[in-house]
Structures are given as structure tokens and as C-alpha cells.
Amino acid sequence: MAAVAQCVRGALRPRFPLHPLLSAAMRNSPRLLCAATQQKNTGQSLEEDQSQSQNEQKTESSSAEKLLAEEKTKLEEQLKEVTDKYKRALADTENVRQRSQKLVEEAKLYGIQSFCKDLLEVADILEKATESVPKEEIKDENPHLKSLYEGLVMTEVQIQKVFKKHGLLRLNPVGAKFDPYEHEALFHTPMEGQEPGTIALVSKIGYKLHGRTLRPALVGVVKD
């Protein structure tokens with residue numbers, strides 16, 4: 001009742017002079033004025049509550065968006081780190097595969113080098129045997145010697161074909177420049193008409209297996 005009375009007093013207290021008929025109507029309908037005033041105050045309160053609720057929703061939405069942005073950044077960093085690790089692991093795997101493949105290929109190419117070195121001694125013996133036969137003795141009057149010599153020559157030719165088939169090539173570098181990777185100098189000697197640093201004499205034939213020196217040629221080198 002006190003609130004009603006207060007409401008009526010507030011409504012009946014005009015801020016400016018009213019018309020006599022309007023004043024009488026207001027005195028006759030105090031409850032109507034009070035209800036209107038309360039409805040106005042209630043509407044203002046609802047608007048304030050709605051505004052506050054919207055502000056709270058905006059604040060919560062902003063906080064949620066901030067958290068999502070931080071989570072997105074964190075996930076992107078983790079993805080980048082995992083991707084980098086994957087790429088490095090992939091590169092390491094590829095390097096290991098290539099090295100393994102290279103080792104396998106080298107094993108196929110050079111796995112026979114020990115066997116080839118042993119065969120080189122046989123080739124040297126055949127070469128010395130053919131060189132030791134006097135050329136003037138190889139004639140029809142000596143058919144046995146001639147047949148033996150021709151057999152040795154044919155055997156030497158055949159063994160060189162086998163060597164070539166498996167990538168084993170002779171090094172007979174007479175007149176070539178001395179190369180420490182392919183030749184081994186036994187002595188140095190001055191020789192007229194030949195350029196210093198060239199090979200004047202080959203004491204022992206060298207061999208290369210698939211481009212790699214298997215046995216260097218033993219040579220004599222021209223000096224100044």
C-alpha cells in the first residue's frame with residue numbers, strides 16, 4: 001500500500017500546471033496512473049536487463065573467440081613441427097636408401113677385385129711367356145714351338161677379352177703424362193726428345209676395374 005501511495009503521490013505531483021479537468025481525472029484514477037508508472041519502470045528495467053545480457057553475451061563470445069584463436073595457433077605450430085619432423089625423417093630415409101643402393105652397386109662391381117688381382121698374375125705370366133719366345137724361331141721348321149706360341153697368344157687374347165667383359169682394362173701408358181693415381185714411378189731418367197714428366201718405360205702393366213685403379217702401372221718417368 002505504501003508503494004501505491006508513493007506512486008500516486010508521484011503521479012499527482014505535476015511538474016507544470018495542468019488543466020482542471022485533467023487534474024480531476026487524475027485524482028479520480030490514482031491506481032491507473034500508478035499502474036502506468038510501474039509498467040514504464042518495468043519496461044526500463046527489462047531494457048536494462050536485456051542490454052546487460054547482450055553485453056555479457058558479447059563478452060563471453062569475445063572470450064570464446066580468443067580461446068579458439070589461441071588454440072588454433074597452438075595447433076598450427078604443432079602441425080608445422082610434426083610436418084618438419086616428417087620431412088626430415090623422409091629425407092634421412094631417402095639418404096639411407098641411396099647409400100645402401102650405392103653400396104650394393106659397388107659390391108656388385110668391385111666384389112670380384114680380389115679374384116681379378118689373382119688372375120692378373122696369370123696374365124703377367126702369359127705375357128712374359130710370349131715375349132720370351134724368339135720371333136726368329138717361330139717358323140714352320142719348328143712346328144711344336146710355333147703351335148705353343150700361337151696357343152699362348154690365343155690364351156692371352158682370350159683372357160684379355162674376359163677381363164674387358166668384366167670391366168678390367170689394361171694400363172700401358174707409354175708416352176702419357178705421369179698420374180700418381182694410375183702409375184707408380186720406379187725411377188726417373190733424362191731422355192732426349194721427350195717431355196719431362198712423361199712415361200718413358202713401362203716395367204709392369206697396370207689395370208683398372210670399372211674406372212678404379214686396381215693395380216698401378218710400374219713406370220719410369222722422364223726428368224729434366
Inset, instruction - Using modelled atom types only, decide if a donor and an acceptor are shared between the side chain of Asn142 and the backbone of Ile138 within a distance under 3.5 Å. - result: no
Inset, instruction - Apply salt bridge (Lys or Arg N to Asp or Glu O under 4.0 Å) to the pair Lys85 and Glu81, showing each step before the final yes or no. - result: CA-CA 6 Å; Lys85 289 182 178 179; Glu81 183 178 357; 3.6 Å; yes
Inset, instruction - Rounded to the nearest 0.5 Å, what's the gap from OG1 on Thr73 to CD on Glu77? Could you check? - result: 6.5 Å
Inset, instruction - Considering only NZ, NE, NH1 and NH2 on the basic side and carboxylate oxygens on the acidic side, decide whether Asp124 and Arg215 come within less than 4.0 Å. - result: yes
Inset, instruction - Would you name the heavy atoms of Leu171 and Glu182 that are closest together and state the gap between them? - result: CD1-O, 4.0 Å
Legend entry - Joint cluster assignment, Phe115 & Leu214, ILVMFWY side-chain distance < 4.5 Å: yes
Inset, instruction - Using modelled atom types only, decide if a donor and an acceptor are shared between the side chain of Thr198 and the backbone of Gln194 within a distance under 3.5 Å. - result: no
Inset, instruction - Taking all non-hydrogen atoms of both residues into account, name the closest pair between Gly206 and Ala217 and its distance. - result: N-CB, 3.6 Å
Legend entry - Spatial distance of atom CG (Leu218) from atom CD1 (Ile199) [nearest 0.5 Å]: 10.5 Å
Inset, instruction - Could you grab the distance from atom CZ of Arg170 to atom CG of Leu120, nearest 0.5 Å is fine? - result: 10.5 Å
Inset, instruction - Show the numbers, then the answer: is there a side-chain contact (heavy atoms from CB on, under 4.5 Å) between Glu127 and Glu156? - result: CA-CA 7 Å; Glu127 185 177 2; Glu156 186 179 6; 3.6 Å; yes
Legend entry - Ring geometry between Tyr207 and Phe163 (parallel below 30°, tilted from 30 to 60°, perpendicular above 60°): perpendicular
Inset, instruction - Please check if the side chain of Ser132 supplies one atom and the backbone of Ala129 the other of a donor-acceptor pair under 3.5 Å. - result: yes
Inset, instruction - Would you check if the side chain of Thr213 reaches a backbone N or O of Tyr181 as a donor-acceptor pair within less than 3.5 Å? - result: yes
Inset, instruction - Give the minimum heavy-atom separation between Lys223 and Pro196, together with the two atoms involved. - result: C-CB, 4.2 Å
Legend entry - Separation of Thr83 OG1 from Lys80 NZ (nearest 0.5 Å): 10.0 Å
Inset, instruction - Look up atom CG in Leu169 and atom CD1 in Ile205, then write down how far apart they are to the nearest 0.5 Å. - result: 12.5 Å
Inset, instruction - Check whether any side-chain heavy atom of Val162 sits under 4.5 Å from a side-chain heavy atom of Leu168, and report yes or no. - result: no
Legend entry - Within-4.5 Å side-chain heavy-atom neighbours: Lys108 and Val104: yes
Inset, instruction - Answer with yes or no whether the hydrophobic clustering places Phe187 together with Val219; edges join I, L, V, M, F, W, Y residues whose side-chain heavy atoms lie under 4.5 Å apart. - result: no
Inset, instruction - Hey, could you give me the SG/NE2 distance between Cys116 and His210, rounded to the nearest 0.5 Å? - result: 8.0 Å
Legend entry - Cluster overlap Val82 with Leu90, hydrophobic side-chain contacts below 4.5 Å: no
Inset, instruction - Could you check if a side-chain atom of Lys72 sits within less than 4.5 angstrom of a side-chain atom of Leu68, using non-hydrogen atoms only? - result: no
Inset, instruction - Determine whether Val153 and Leu119 fall in the same hydrophobic cluster, where Ile, Leu, Val, Met, Phe, Trp and Tyr are linked whenever their side-chain heavy atoms lie under 4.5 Å apart. - result: no
Legend entry - Salt bridge flag under 4.0 Å for residues Lys74 and Glu70: no
Legend entry - Heavy-atom neighbours of Glu136 CD exceed 12 at 6.0 Å: yes
Inset, instruction - Say whether Phe178 and Val222 are linked into one hydrophobic cluster, either directly or through other cluster members, by side-chain heavy-atom distances under 4.5 angstrom. - result: no
Inset, instruction - Decide, yes or no, whether a salt bridge links Glu94 with Arg97 under the criterion of side-chain N to carboxylate O below 4.0 Å. - result: yes
Legend entry - Residues Glu195, Lys177: salt bridge by 4.0 Å N-O rule: yes
